[in-house]
Protein chains: 2
Amino acid sequence: MSKLSKPKYQQLKEHIIATIKEEQLKPGEKIWSENELANKFQMSRHTVRQAIGELVNEGWLYRIHGKGTFVDRRPDREVRQARTIGVMTTYLNDYIFPSIIRGIDSVLSPKGYNIILASTYNKHEKERLCLEKFLNTELDGLIVETTKSALPNPNLDLYRQLSHSRKIPIIFIHGFYKDLDYSYVVEDDVEAGYLATNHLLDLGHTRIGGIFKSDDIQGHYRFEGFSKACSLKGLEVCSSRILWFDTEQAEEKLGGCDNEQLDRLFEECSALVCYNDQVAMKVLDRARSKGINIPEDLSLVSFDDSQLAVASEVKLTTVAHPQEKLGEEAARAILQMIAGKKKYHAIKMKPQLIVRGSSCEYKERTGE
Amino acid sequence: MSKLSKPKYQQLKEHIIATIKEEQLKPGEKIWSENELANKFQMSRHTVRQAIGELVNEGWLYRIHGKGTFVDRRPDREVRQARTIGVMTTYLNDYIFPSIIRGIDSVLSPKGYNIILASTYNKHEKERLCLEKFLNTELDGLIVETTKSALPNPNLDLYRQLSHSRKIPIIFIHGFYKDLDYSYVVEDDVEAGYLATNHLLDLGHTRIGGIFKSDDIQGHYRFEGFSKACSLKGLEVCSSRILWFDTEQAEEKLGGCDNEQLDRLFEECSALVCYNDQVAMKVLDRARSKGINIPEDLSLVSFDDSQLAVASEVKLTTVAHPQEKLGEEAARAILQMIAGKKKYHAIKMKPQLIVRGSSCEYKERTGE
DNA sequence: ACAGACAACTTGTACGTACAAGTAGTATAA
DNA sequence: TTATACTACTTGTACGTACAAGTTGTCTGT
């Protein structure tokens, strides 16, 4: 026998599998006895037993002591589990995340992937629970919206476990952790902040205030763009015109800042950059109740271009968030990572200013 | 050797397993060679091989040709797959479904369940694809928002397959198929329609129009409540004041009805019942552009009490949708069904009228 | 007609041998 | 110093034998 030939028991295995596949042997039928096979193929019974033993293990055959060996259900007839991608977001019902999830779904669903949802409510403890649950799940990939991305993350150990031990590709959206060099898809928030602020500067405003979120990295970046735009025009950023809020404050009251703080901003500024449309709605409401007209008395620019931006009578000037597109990009990236085509993705999406009715040229306020 | 004693290879297997369990051998460590074992236990190498072969198959050990045999992860150490519930909705980013999903998540997540998302875009073909994907997934339960619930469903065969063959508990939300006697959790939409319409009747309106969705059963029920309220007050439902739209029209343009149709309603009616907040926003916008004041010239009542209802300068009078609560109820029901505690759930949640600024008492229109 | 013994088959356990082939470290030669 | 060969160990393949034990049908004596 030449050295190239396969082991005898392997040959016998393949012969039996082929016979079953050709349906010459059907499930439940008795196959030849071990001695018959040994004679037929000129091998010892031991070798036959080895072949049949493995086939039993693989689910092709089963044996009954004293009766014989029979054909089992074919193992490859088993339905394959659909593949799954985990998606971890901060909020499920916040106004833009549903769109991102929809974008992810539109790419993954046609490829036969399931999406497993988890939400952290922007809390590190919840994030940890979600990650632990994902460790108990057979995942093919993970898309993560960063939780409290501006703060140090206490759950990096679990991320590493998923990524390094379990070899699950991970991609971050809406931010990334500096300690981990994982792939990410983000909006260029510095640019977004710059666009929003520069729009107001171009309209002649000089007393520009801002409301930003302190515990999400997006808030920091948008503020960075805000500062950049100001300093390029030779304006100093006045800290009394900047309001910071965080997740906990935002949960207590929509918009995250109270009326007294807003009223102070109204007095000091002719224009406001709002962290997102939700904040802008809060500002709009307060301004309405104080008799301040938007945009005549106060120009507003916000971020995200959500449904809210066009819901009100004053349509909001906002810097558009790619939303669905961002979800699609993240989904496409993770598919490439799963296929092993491209390991590292660092995608920054360009924001776009949409001018609507909430901003106008600066005019001296007269009625005060 | 007495007849009662176990086979030698079986004894060896048990000895090795015990050694691993006592952690005298840890994962990755090399165990004794086949010859060592044969000598140690006074058996032939063949018998040792049989024992080790079975342990390899059971996941306790692995062999490397030429190196030795090593301890694998313990099979009973395998983390159990987290249990999963499928959630199938029509839209992922529509304004109330995120809240429902959040409600579901808030109940299931703490119990260690994963949520697998799928969305049908309110199309029967997509629904079929989703159901087929669920058939290829190991599910413990399924929560379904009915797709085009007012039309006959062509996918009942797959629902039956999941329910009867696969024994997966299914619960419907937002409607149910009359041909299947499955559990459901719904809002009492007839009552909701009645509350909305009766509110307008109480305010003295007599020329009341309505905009309803034709291919979702909710639209039918809300219209039923509308009719009921009218006839109880002795008013006839005038078909020229009723507008019907469907999924496809709603996708083309937000709100699902065009301006000419709305203008006609404005002329004929002093009050409108809108299928949901989105429709009401569309009506509000058109009314604004025609110089029609809400609520002075036209009272509006809508359904769902979403974010949109309070986004505009005119806060909407709506019949509140239980949203998160409905999701929670559905999740709790499916957990009971999985536990085998209660097989059939038919939960109807009471709607609640929230009076805001978009509706007021009827006054003769003067300025025409 | 029926129970029980028996034969002939099956798979299961257990022993033996031999050599092939992969791995790792050591000794040897260039 | 480096490449090569060798050795000693490992598991993998393959042959042989023997008997135990479960299943089935047949033969036999009552």
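In what follows, chains carry the letters A, B, and so on, assigned in the order in which the sequence lines appear, proteins first and then strands, with residues in each chain numbered from 1. Heavy-atom basis, side chains included; hydrogens, waters and symmetry copies ignored.
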Could you note down all residue pairs passing salt bridge (Lys or Arg N to Asp or Glu O under 4.0 Å) where residues 141-154 of chain A supplies at least one of them, sequence neighbours left out? A:Lys148-A:Asp215, A:Lys148-A:Glu248
Side chain to side chain contact (heavy atoms under 4.5 Å, CB included) with B:Tyr344: which residues, sequence neighbours excluded? B:Ser183, B:Tyr184, B:Ala346
Name all residues meeting the side chain to side chain contact (heavy atoms under 4.5 Å, CB included) criterion together with B:Gln42; count only those two or more places apart in sequence or in a different chain, and write none if there are none. none
Sequence-distant partners of B:Phe172, ring pair (Phe, Tyr, Trp, His ring centres under 6.0 Å), two or more places apart: B:Tyr159, B:Tyr177, B:Tyr182
With sequence neighbours left out, the residues meeting ring pair (Phe, Tyr, Trp, His ring centres under 6.0 Å) with B:His65 are none
Could you state the atom-to-atom distance from [atom1] of [X] to [atom2] of [N] in whole Å?
X	N	atom1	atom2	result
A:Ile31	C:dT10	CD1	C1'	12 Å
B:Lys30	D:dC9	NZ	P	11 Å
A:Lys8	C:dA18	NZ	P	19 Å
A:Gln10	D:dT13	CD	C1'	11 Å
A:Arg45	C:dC15	CZ	P	16 Å
A:Leu61	C:dT11	CG	C1'	13 Å
A:Tyr62	C:dT10	OH	P	17 Å
B:Glu34	C:dA14	CD	P	16 Å

Between the protein and nucleotides 22-25 of chain C, list the N/O to N/O atom pairs that are separated by less than 3.5 angstrom.
unit_1 : atom_1 : unit_2  : atom_2 : d
C:dG22 : N2     : B:Gly66 : O      : 2.7
C:dA24 : OP1    : B:Lys67 : NZ     : 3.2

Can you tell me if the side-chain N/O atoms of [X] get under 4.0 Å from OP1 or OP2 in [N]?
X	N	result
A:Thr69	C:dT11	yes
B:Gln50	C:dA14	no
A:Thr47	D:dC15	yes

Does anything in residues 35-44 of chain A come within less than 4.0 Å of DNA chain D? Heavy atoms only, and list the residues if so. A:Gln42, A:Met43, A:Ser44
Solution key, residues 114-121 of chain B side-chain donor-acceptor pairs under 3.5 Å, sequence neighbours excluded:
unit_1   : atom_1 : unit_2   : atom_2 : d
B:Asn114 : ND2    : A:Thr137 : OG1    : 2.9
B:Thr120 : OG1    : B:Asn122 : N      : 3.1
B:Thr120 : OG1    : B:Thr147 : OG1    : 2.8
B:Tyr121 : OH     : A:Asp105 : OD2    : 3.3

Residue list, salt bridge (Lys or Arg N to Asp or Glu O under 4.0 Å) with B:Glu29, at least two apart or on another chain: none
Under 3.5 Å, is there a donor-acceptor pair between the A:Glu54 and B:Asn57 side chains? no
Among D:dC15, D:dG12, C:dT13, the one nearest B:Arg63 by side-chain distance: D:dG12
Where the side chain of A:Arg49 is concerned, which of C:dG12, C:dA14, D:dG12 is the nearest nucleotide? C:dG12
Any donor-acceptor N/O pair, A:Glu36 side chain to A:Ser33 backbone, under 3.5 Å: yes
